[in-house]
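First comes the structure, then the notes that go with it.
Counting starts at 1 for both ligands and their atoms, in listed order. For reference, positions follow the sequence shown, starting with 1. Since the structure is predicted, the reported quantities are computational estimates derived from the model, not experimental observations.
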Amino acid sequence: MTTQQNQLEQLPTIVVGAGMTGLAAAWELQQRGVPYVLLEAGDYFGGKVQSEPTEDGFLVEKAADAFILGKPWALELAHEVGLREELIHPREDTKKLYFLRGGQLLDFPQNLKMFVPLDDESFLQSGVLSPEGLKRMLDEQHVPPKPPTDEDESLASFITRRFGEEAMNFIVPLAAGIYVANPHELSMKAAFPQFLALEQKYGSVIAGSRATPRAQGPIFGSFRGGMSTLANAVAEKLTGDVRLNTPVLAVHPDGVTVAGGEKIAGSGVILTTPAWYAAPMLRQSFPKASALVGELKANGSVAVILAYREGQFPRDMHLHGLQVAADEGIHMKAITVHSAKMHGRAPEGHVLVRVFFKELEPQTACAEAVREVERLFGAQGEPLWHAYADWRGKNPAYQVGHLEHLARIRAALPPNVRVAGASYTGVGIPDCVNAGRTAARDVVAALGVAG
Ligand SMILES: Cc1cc2nc3c(=O)[nH]c(=O)nc-3n(C[C@H](O)[C@H](O)[C@H](O)COP(=O)(O)OP(=O)(O)OC[C@H]3O[C@@H](n4cnc5c(N)ncnc54)[C@H](O)[C@@H]3O)c2cc1C
């Protein structure tokens, strides 16, 4: 090993961004005894994960409000940082969901695995599609599988091919929701490889879902103090060089330049910001990777948060919320009644509602949210307060061919420089945690240091 290599290996690995991906990357480096510097542009940890207590006793989640337990990485991290006792789950006693179709609040079909009906009978009675649409969706069991192929396809192509065109109205809100995606552009291989695998293995998504047992116990988890609990707990346990209010301007093979011009030397760099921030940082030293990262697209959403007194509603508001049919012709996509879905999100006798829109001017979204809660649940009078989280242009969009594009990005970067996070390998919190830790392991392996 040369002296120069030795020197490089003594230098820290630099992690850019302290969202869940960056925090997980730093944590993994720390676990392996590898020195690191974590640089975050903002003045808090967690990035998009933002749980904000209000003075009047509500807890507002501006983005993620829960994480899926079937992908183990977020739960594992929570256990490692001592949050076992803080874990909570969506309430079972209020687990009522509606589907808004044709202006009617319909009971959500029972016995679904994501969007896949596990028994024909209850699905046929549900009314979430026309009788022909429901029947065609169930006929998926008899649609022959596509011959094995490596070619990607869009969510829309997959749904229409297997479940019929009308099924788009039911499946898209459930499947594409977290991606805020255009179903005609969303990559099946990147977003839903499990359904492609079921088609190949069992010949049908429905048959495959019915053949594989459903996990026992809760499907989602969160924390008493909200999702930021995880980010803050990891940050508190980081003993390395951690700097808030430190925007990175450029990434080089041997370190980064931060605002103000300081150059921080590093043996490797893990860049965990969304692609639209990463592309300019890579431009100077890695123009090809920068151009490829810059081609990744984003969609947008706006979450409106409304607080009410229980007495403003003529009906019981102990329900989880509703999903809106894709062809409903309104801007609103979904409502979560957060006060009923999770314990500790609103003071006794109050209701906290989150209303989701795709790209929409936030003031318009707030006005529409108030009108929709009045129309659908009969809310009387104005909300006690309203707030919004503006995620326009901030939801990574995985276009058809996404995985091949990622391979090109990886090939355009040296092994000690990695991009990781929601723009690349999954937007959910568990995927981001896994991405951060994997990137850390990759960089450690590339440097050949102990760990
Ligand atoms: C409305 C909404 C609801 C969601 N709901 C859920 C949910 O219920 N469950 C779930 O699992 N997921 C959910 N998600 C997705 C999930 O929250 C995100 O995908 C995830 O938090 C992204 O983490 P990240 O670390 O990859 O990126 P980010 O959280 O975007 O973190 C990137 C960090 O990089 C920093 N940064 C940017 N530029 C620089 C720079 N130049 N120098 C240094 N630092 C920089 C940013 O300040 C930020 O802190 C939701 C997302 C949204 C928008």
Original post:
Among all protein non-hydrogen atoms, which one is nearest to atom 16 (C) of ligand 1, and what is the separation to 0.1 Å?
Top reply: Val427 O, 3.3 Å

**OP:** For Gly47, take its heavy atoms, then give the atoms of ligand 1 lying under 4.0 Å from any of them.
**Re:** 29 (O), 31 (O), 48 (C), 49 (O)

Original post:
What are the atoms of ligand 1, with element, lying closer than 4.0 Å to any heavy atom of Gly17?
Top reply: 33 (C), 34 (O), 35 (C), 44 (N)

Original post:
Is there a nitrogen or oxygen of Ala66 sitting under 3.5 Å from a nitrogen or oxygen of ligand 1?
Top reply: yes

Subject >> His331 NE2: over 12 foreign heavy atoms closer than 6.0 Å >> reply: no

Original post:
Please state which protein non-hydrogen atom is closest to atom 13 (C) of ligand 1 and give its distance, to 0.1 Å?
Top reply: Ala64 CB, 3.5 Å

Subject >> Flag, side chain of His320 to backbone of Lys96, donor-acceptor distance under 3.5 Å >> reply: no

Subject >> Close side-chain approach of Phe223 and Ser228, heavy atoms under 4.5 Å >> reply: no

Subject >> Part of Met281 within contact of ligand 1 (heavy atoms, under 4.0 Å) >> reply: side chain

Subject >> ligand 1 to Ala41 polar contact by distance, N or O atoms, under 3.5 Å >> reply: yes

Subject >> Nearest option to atom 30 (O) of ligand 1, as decided by whichever heavy atom of Lys48, Lys62, Glu40 sits closest >> reply: Lys48

Subject >> Ion pair check, Glu28 and Arg32, cut-off under 4.0 Å >> reply: yes

Original post:
Side chains of Tyr398 and Phe192: does their closest heavy-atom pair fall under 4.5 Å?
Top reply: no

Subject >> For Leu39, the ligand 1 atoms whose distance to one of its heavy atoms is below 4.0 Å >> reply: 43 (C), 44 (N)

Original post:
By number and element, which atoms of ligand 1 are closer than 4.0 Å to a non-hydrogen atom of Gly421?
Top reply: 26 (O)

**OP:** Please report which non-hydrogen protein atom sits nearest to atom 27 (O) of ligand 1, along with the residue it belongs to and the distance in Å to one decimal place.
**Re:** Thr272 O, 4.3 Å

Original post:
Is the CD atom of Glu52 crowded by more than 12 outside heavy atoms at less than 6.0 Å?
Top reply: yes

Original post:
With atoms numbered from 1 as shown, which atoms in ligand 1 lie under 4.0 angstrom from a non-hydrogen atom of Pro274?
Top reply: 30 (O), 32 (C)

**OP:** Using modelled atom types only, decide if a donor and an acceptor are shared between the side chain of Arg224 and the backbone of Glu85 within a distance under 3.5 Å.
**Re:** yes

**OP:** Using a cut-off of 6.0 Å, state whether more than 12 heavy atoms not belonging to Arg410 lie near its atom CZ.
**Re:** no

Original post:
Does ligand 1 have any atom that is closer than 4.0 Å to a heavy atom of Pro247?
Top reply: yes

Subject >> Contact check: Val248 vs ligand 1, nitrogen or oxygen atoms, below 3.5 angstrom >> reply: yes

Original post:
If you measure from each non-hydrogen atom of Cys432 to ligand 1, which part falls under 4.0 Å: side chain, backbone, both or neither?
Top reply: side chain

Original post:
So with a 6.0 Å cut-off around CD of Gln31, is the heavy-atom count from everything else above 12?
Top reply: yes

Original post:
Counting each atom of ligand 1 from 1 as listed, which ones have a heavy atom of Val49 under 4.0 Å away?
Top reply: 21 (O)

Original post:
Is the number of heavy atoms from other residues, nucleotides or ligands under 6.0 Å of Lys263 NZ greater than 12?
Top reply: yes

Original post:
Hey, does Gly46 sit under 4.0 Å from ligand 1 if you only count heavy atoms?
Top reply: yes

**OP:** Could you pull out the closest heavy-atom pair between Met168 and Pro173, with the gap in Å?
**Re:** O-CD, 3.8 Å

Original post:
Would one find an N or O of Ala422, backbone or side chain, under 3.5 Å from an N or O of ligand 1?
Top reply: yes

Original post:
Just which atoms of ligand 1 are under 4.0 Å from any heavy atom in Asn395?
Top reply: 53 (C)

Subject >> Test of ring centre spacing under 6.0 Å for Phe115 and Phe170 >> reply: no

Subject >> Test: Glu372 and Arg375 ion pair at under 4.0 Å >> reply: yes

Original post:
Hey, does Met20 come in under 3.5 Å of ligand 1, counting only N/O atoms on both sides?
Top reply: yes

**OP:** Do me a favour and list the nearest non-hydrogen protein atom to atom 31 (O) of ligand 1 with residue, atom name and distance?
**Re:** Gly19 CA, 3.5 Å

Subject >> Atoms in ligand 1 flagged as close to Thr21, the criterion being non-hydrogen separation under 4.0 Å >> reply: 24 (P), 25 (O), 26 (O)

Subject >> Side chain Glu359, main chain Gly300, donor-acceptor under 3.5 Å >> reply: yes

Subject >> Nearest neighbour in protein (non-hydrogen) for atom 3 (C) of ligand 1 >> reply: Ala63 C, 3.4 Å

Subject >> Cationic N near anionic O, under 4.0 Å, Glu61 to Lys341 >> reply: no

**OP:** Could you find the nearest protein heavy atom to atom 39 (C) of ligand 1 and give me its residue, atom name and distance?
**Re:** Thr273 CG2, 3.6 Å

Original post:
If you measure from each heavy atom of Met227 to ligand 1, is any distance below 4.0 Å?
Top reply: no

Original post:
For atom 11 (O) of ligand 1, which of Val16, Asn299, Ile429 has the closest heavy atom?
Top reply: Ile429

